[in-house]
Structure formats: structure tokens, C-alpha cells
There are 2 protein chains.
Amino acid sequence: MISKTLERRSGIAIWRQIADELRNEIATNVSVQNNRLPSETTLAKRFEVNRHTVRAALNALAKEGIVESRQGQGTFVRARKRISYPIGKRTRFSDGIGNQVQTTRGRLLNLSIDQATPEIASALYITPSSKVICLKTLSDADDMPLSRSTSWFCAKRFPDIGTAYQTTGSITKALTQCGIADYLRQSTEIEAHHATMADTEYLQLSPGAIVLVTQAINSDMEGNPIQFSTTRFAADRVSLAIINA
Amino acid sequence: MISKTLERRSGIAIWRQIADELRNEIATNVSVQNNRLPSETTLAKRFEVNRHTVRAALNALAKEGIVESRQGQGTFVRARKRISYPIGKRTRFSDGIGNQVQTTRGRLLNLSIDQATPEIASALYITPSSKVICLKTLSDADDMPLSRSTSWFCAKRFPDIGTAYQTTGSITKALTQCGIADYLRQSTEIEAHHATMADTEYLQLSPGAIVLVTQAINSDMEGNPIQFSTTRFAADRVSLAIINA
DNA sequence: TTTAGTTGTCTAGATCAATAGACAAATTTT
DNA sequence: AAAATTTGTCTATTGATCTAGACAACTAAA
């Protein structure tokens with residue numbers, strides 16, 4: 001198909017560049033017939049590299065659980081679906097993905113009481129350097145880490161949000177306990193970045209992996225912002241579905 | 001700050017892992033004082049590597065235009081802003097980013113008439129294997145490639161969409177010429193992937209770079225789908241802003 | 001059973017990445 | 001002026017990645 005040469009001396013090993021390319025083609029069903037990849041020799045010819053280099057790439061994909069090699073037969077793709085995470089006015093974690101997975105879990109990693117930075121203050125409509133509660137959480141789906149979030153709440157309005165989250169394992173339920181029966185997503189910004197070291201640790205990713213970073217503000221029904229949060233998703237496990245309606 | 005060890009034998013050179021980490025920290029203003037990075041020796045101690053390895057990382061960031069080193073003084077970050085690309089009911093390319101850049105340009109890379117795949121057919125509400133026009137385009141902002149798209153239109157309804165795009169360089173204007181005065185974004189799906197070889201070529205990216213991939217359906221004012229498209233953004237040049245209202 | 005095609009494993013050498021140390025060149029502080 | 005701190009450049013060595021070739025082990029088809 002594409003016969004562009006691989007870049008050497010780029011800091012990314014050739015076998016990993018091939019792995020990235022094949023992962024993409026598998027995701028879009030290019031050059032995959034009957035769930036079977038071309039043979040190692042064929043791929044080596046196509047990428048103009050040694051067969052061992054192709055094997056290193058396939059080995060990496062096998063470790064990710066994307067393909068499976070069988071001696072004498074070939075290399076086959078194992079179907080895996082991304083979790084579709086809805087983003088709209090009524091975005092909620094467990095509700096949104098609940099029908100796609102068996103179990104969801106939220107864990108509190110860290111709680112601290114900080115002074116609001118200018119950015120947080122303007123998002124929450126409070127005076128700069130007033131007190132905010134900062135919650136760092138990790139969310140699992142089927143015991144695979146899916147995302148990690150940092151949320152800020154006005155400490156004066158939600159003094160007990162931390163303990164409420166710890167007992168419920170859910171922001172929505174914690175807000176209910178704090179008197180917020182319903183809330184709306186006011187804004188969302190999405191970026192993509194390379195995984196940081198903290199990401200590779202908490203989300204169980206390899207270096208060079210991708211995280212989808214969303215920055216969101218939630219408001220109560222009167223339109224007052226109540227939560228400002230940054231969430232980092234393991235990009236190869238999710239697809240963000242934007243709900244316009 | 002974070003003292004997690006770097007992963008060796010991962011196919012990603014250590015200097016590139018450090019570059020990725022620093023790029024992220026620069027973006028979030030961590031460990032950057034007065035626009036000045038810590039000295040090479042300090043960074044080498046922190047990452048527990050040789051100073052030359054840190055230099056390789058800084059060299060890469062300098063080539064990307066993110067930092068600038070001055071002998072005897074230090075290494076400084078150069079301010080660069082991502083273009084914020086709005087996604088909502090009324091998403092349009094040039095309108096949305098027009099106030100952030102000087103010039104925008106759209107170029108037609110390829111036009112073909114294909115049979116609709118099941119996916120395209122269901123998105124456009126047409127019978128499978130009926131004819132569709134496929135437009136591959138590249139969009140620049142200030143002469144930097146920003147995104148590349150593949151769009152499908154019903155060939156029966158929009159026979160002249162190709163020439164209309166070529167003369168106007170804009171999907172919106174092309175649709176106007178074809179009798180669509182106004183249209184709405186019906187759905188958007190967002191994923192993040194590693195750049196393919198075609199991405200590195202057209203979007204001028206390095207291997208290992210990230211692309212934000214959106215899949216969207218646009219409808220006319222009666223709610224009939226008119227365009228199905230996949231867009232791949234250079235992730236380090238944009239931020240997607242979700243408009244819920 | 002034979003043959004062709006596939007993945008698995010081993011050895012050896014060539015190229016690239018990372019470490020180590022030394023010193024030059026430029027800037028700021030003392 | 002001198003000292004301290006910074007980036008820039010050089011050489012040499014060790015370790016990881018990529019290439020090359022050969023052959024074993026397994027599978028499916030002739």
C-alpha cells in the first residue's frame with residue numbers, strides 16, 4: 001500500500017514504527033484478510049527490513065493482545081473493541097459506559113486542599129487563592145485502568161466531597177450526597193499527548209503511548225460551575241463520542 | 001517531581017521519552033520557572049541519565065520549535081499556542097479557527113468515485129454499494145498542515161461537489177454551490193492514534209507523533225445526512241473545543 | 001508422503017543509542 | 001578580574017538495535 005520509508009535515527013526503534021503502522025491498519029481493516037496478517041516474510045519485504053525486525057513488531061502487538069501468532073499457520077488479529085465514552089451535557093462516567101463493560105470502579109488516589117490557581121479560580125467562578133479541594137482519582141473498567149482525573153471543587157461549598165467520593169467511588173454519587181441532585185457539562189476541551197511517566201504507571205501504558213486529555217467544567221442547574229477537572233484517558237482503550245443534541 | 005524510572009528496551013529511545021515528558025511539563029507549566037528550564041546537569045540528575053542524553057532530548061524539542069538553548073544562559077521555552085478547533089452543531093473549518101490564524105487553505109489531494117461500504121452507507125442513509133464521491137483533502141493554517149480529511153458524499157445528490165471544492169477550497173462553500181445553504185453536525189467520534197506513514201508525510205510529523213482522529217456526520221436542515229468524513233489532526237497543533245450549547 | 005509455506009530459535013556482525021570524562025566558549029555573579 | 005554556572009564539542013567505550021543467514025518445528029495442501 002504505502003511505501004514511504006521508515007525514519008531512522010528518530011529515537012523510535014524501527015520495530016516500534018512498524019508496530020504502530022500495523023496497529024493502525026488493523027484498526028481500519030487495511031491489509032488484513034480473514035483476520036490473518038500477511039506473512040512475516042511478506043511484511044519484511046514491504047517495509048524493506050529484516051524479518052527479525054518485523055518479528056519484534058509482531059511480538060509487541062502480541063503482548064498488547066492485539067495479534068496472536070501460530071506456528072505453521074500465521075499471525076491473526078484478536079478482536080478488541082474500544083469503549084465508547086459519551087461526552088455531552090449529561091456526561092457521567094459509569095452511566096455512559098455501563099452497558100459496555102461488566103464492572104466500573106473509582107479509586108481515590110490523593111486528596112489535598114490547595115489554593116485556587118488563576119485558571120481554576122476563573123473556571124469555578126471563585127476568587128483566586130481561595131481554598132479548593134483537589135481529588136486525584138483512577139477509574140477502572142473491567143479491572144483495566146481507563147482514565148485518571150484531577151478534580152477541583154470549591155472547599156467552602158463542598159467540604160465533604162472527599163469522604164463522599166471515597167465511600168461511593170463515583171463523582172456523581174458524591175455530588176448527590178453533597179446536595180447536587182443533577183448537573184450539566186458546561187464545556188469540554190480535548191487534546192492528545194504522549195503518556196507521561198505518571199500515566200505509564202497508573203494507566204499501565206508503555207512509553208510512547210497516547211493519552212486523550214479532556215478538561216471539563218460541570219455546573220449545577222442554575223449554571224454555577226461546581227467542578228473543574230482534567231481527565232487523562234488511555235487512548236487505545238476509548239473512543240470519545242460527542243453528543244450534540 | 002516524578003521519579004519513576006524510564007523504560008529501557010521499550011523501542012523508544014530514552015532521549016525521546018525525556019523529550020515527551022518535558023514537552024508535557026512545558027505544556028502544563030510544571031518545573032518551568034521564568035520560561036527557563038532547569039540546567040542540563042540538573043535534568044540529567046533528575047532523570048538519572050547522562051547529560052548527553054538530556055541534550056539529545058532538548059535538541060529534539062529545539063527542532064520542534066518548543067525550546068531554545070543559549071550558551072552560558074540556559075534553555076528557554078518559546079511560547080506556542082495550539083489552535084482551538086470548535087466542534088459543535090455548527091462546526092466549520094475556516095470560520096472556527098479564522099480569528100486565531102492569518103490564512104487558511106484547503107487543497108484537494110484526490111477525488112474518486114467508489115461504491116459505498118456498509119459503514120458509509122449506513123452513515124449517509126443510502127443503499128450499500130451505491131455510488132459515493134470520495135474527497136481526500138489537506139487543510140493548512142498559516143501554511144502549516146493542520147489536518148487531512150476523507151469525505152464521502154452521495155454521488156447522485158452531489159455530482160459536482162469535487163469541482164466545487166477545487167474552486168472554493170472549502171467544504172462549506174462547495175456545499176453552498178451544491179444548494180446546501182446551511183447544515184448541522186449530527187455526530188462526532190474522537191480517537192487518538194499514532195501517526196501512520198501517510199500522516200507523517202502529509203502533516204509533516206515525526207514518527208511516534210500523535211494524530212487526533214474524528215469521524216463526523218453532517219446533515220441538512222431536514223436532518224438528512226449529506227456528508228460522512230474522517231479527519232486526522234496533527235495533535236500537537238490543535239485542541240478540540242466541544243460546544244455543548 | 002511429500003512439498004510448500006509458515007512461525008520459532010540460534011549465531012555472528014554492523015549500526016545506532018547511551019555512558020563517561022574532559023575541556024572550550026559564553027554568560028552571569030561575586 | 002576572578003569565579004561559578006551554563007551550553008557546546010570532542011573522543012572513547014559499552015550496550016541495544018538491526019541485519020544476515022541458516023535451520024528447526026509446525027501446518028495445510030498437493
Side-chain angles (χ1 to χ4, degrees), chain A residues 5-22 26 31-63 65-78 197 206-208, chain B residues 5-22 26 31-78 206-208:
Chain A
T5 43
L6 299 158
E7 284 192 39
R8 318 233 159 195
R9 251 163 287 186
S10 64
I12 314 280
I14 303 271
W15 63 262
R16 191 166 266 280
Q17 294 186 48
I18 294 174
D20 290 346
E21 180 72 19
L22 289 177
I26 288 169
S31 82
V32 179
Q33 303 237 331
N34 294 339
N35 256 29
R36 187 175 175 281
L37 289 180
S39 77
E40 294 175 352
T41 345
T42 312
L43 289 171
K45 261 185 213 145
R46 180 190 144 193
F47 289 111
E48 296 174 353
V49 297
N50 193 275
R51 186 179 143 229
H52 291 101
T53 312
V54 169
R55 281 178 63 74
L58 293 176
N59 211 349
L61 294 179
K63 272 190 189 157
I66 295 176
V67 301
E68 186 184 11
S69 293
R70 290 199 282 271
Q71 192 171 33
Q73 298 182 248
T75 304
F76 302 83
V77 321
R78 293 169 39 155
M197 295 176 192
S206 323
Chain B
T5 43
L6 299 158
E7 284 191 37
R8 318 230 160 195
R9 255 165 283 188
S10 63
I12 315 281
I14 303 271
W15 63 263
R16 190 166 266 281
Q17 294 185 49
I18 293 173
D20 290 346
E21 180 72 19
L22 289 176
I26 288 168
S31 81
V32 179
Q33 304 239 331
N34 294 340
N35 256 30
R36 187 174 176 283
L37 288 181
S39 76
E40 295 175 351
T41 343
T42 312
L43 289 172
K45 261 184 212 147
R46 181 192 141 191
F47 289 112
E48 298 175 351
V49 297
N50 193 275
R51 186 181 143 229
H52 291 100
T53 311
V54 168
R55 281 179 62 74
L58 293 175
N59 211 351
L61 293 178
K63 272 190 188 157
E64 293 176 36
I66 296 177
V67 302
E68 186 183 11
S69 292
R70 291 200 280 272
Q71 192 171 33
Q73 296 183 252
T75 304
F76 302 83
V77 321
R78 292 169 40 155
S206 321

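Lettering follows sequence order; numbering is per chain, from 1. All of these numbers come straight from a predicted model, not from anything done at the bench.
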Report summary line: OG of Ser39(A) to NZ of Lys45(A), rounded to nearest 0.5 Å, is 7.5 Å
Requested in this report: Measure distances between side-chain N and O atoms of Arg70(B) and base N and O atoms of dG8(D), and say whether any donor-acceptor pair falls under 3.5 Å.
Outcome: no
Query raised in the report: Which part of the nucleic acid, if any, lies within contact of Arg8(B), taking any heavy atom under 4.0 Å across all strands shown: a base, the sugar-phosphate backbone alone, or nothing?
Result: sugar-phosphate
Report summary line: Rounded to whole Å, the CD-P distance (Gln71(B) to dA4(D)) equals 19 Å
Query raised in the report: Do Arg51(B) and dG8(D) have a side chain to base donor-acceptor pair shorter than 3.5 Å?
Result: yes
Query raised in the report: Can you find an N or O donor on one side and an acceptor on the other, under 3.5 Å apart, linking the side chain of His52(B) with the base of dG21(C)?
Result: yes
Report task. Measure from the side-chain N and O atoms of Glu68(B) to the backbone N and O of Arg78(B), and report whether any donor-acceptor pair falls under 3.5 Å. Result -> no
Query raised in the report: How close or far is atom C1' of dT9(D) from atom CG of Asn50(B), stated in whole angstroms?
Result: 14 Å
Requested in this report: Write down the distance between CD (Glu7(B)) and P (dA16(D)), rounded to a whole number of angstrom.
Outcome: 15 Å
Report task. Have a look at Thr75(A) and say if it touches a base, only the backbone sugar-phosphate, or nothing, with a 4.0 Å heavy-atom cut-off. Result -> sugar-phosphate
Query raised in the report: Can you tell me if the side-chain N/O atoms of Thr53(A) get under 4.0 Å from OP1 or OP2 in dT19(D)?
Result: yes
**Report entry** Worked verdict on Ile66(B) versus Leu22(B) for side-chain contact (heavy atoms from CB on, under 4.5 Å)
**Finding:** CA-CA 10 Å; Ile66(B) 296 177; Leu22(B) 289 176; over 6 Å; no
Report task. Please figure out whether Leu58(A) or Ala56(B) has its closest DNA chain C nucleotide nearer the 5' end. Result -> Leu58(A)
**Report entry** Over all atoms of both residues, closest heavy-atom pair of Arg36(A) and Gln73(A)
**Finding:** NH2-O, 3.0 Å
Requested in this report: Report which part of the nucleic acid Arg55(A) touches: base, sugar-phosphate, or nothing (heavy-atom distance under 4.0 Å, all strands).
Outcome: base
Report summary line: Result for 5'-nearest mapping on DNA chain D, choosing between Ile12(B) and Gly72(B), is Gly72(B)
**Report entry** Whole-Å distance separating the CD atom of Glu40(A) from the C1' atom of dT19(D)
**Finding:** 15 Å
Report task. Could you check how far CH2 of Trp15(B) sits from P of dG15(D), rounded to whole Å? Result -> 22 Å
Requested in this report: Taking only the side-chain heavy atoms of Gln73(A) (C-beta and beyond), determine which of dA28(D), dT7(C), dT6(D) contains the nearest atom.
Outcome: dA28(D)
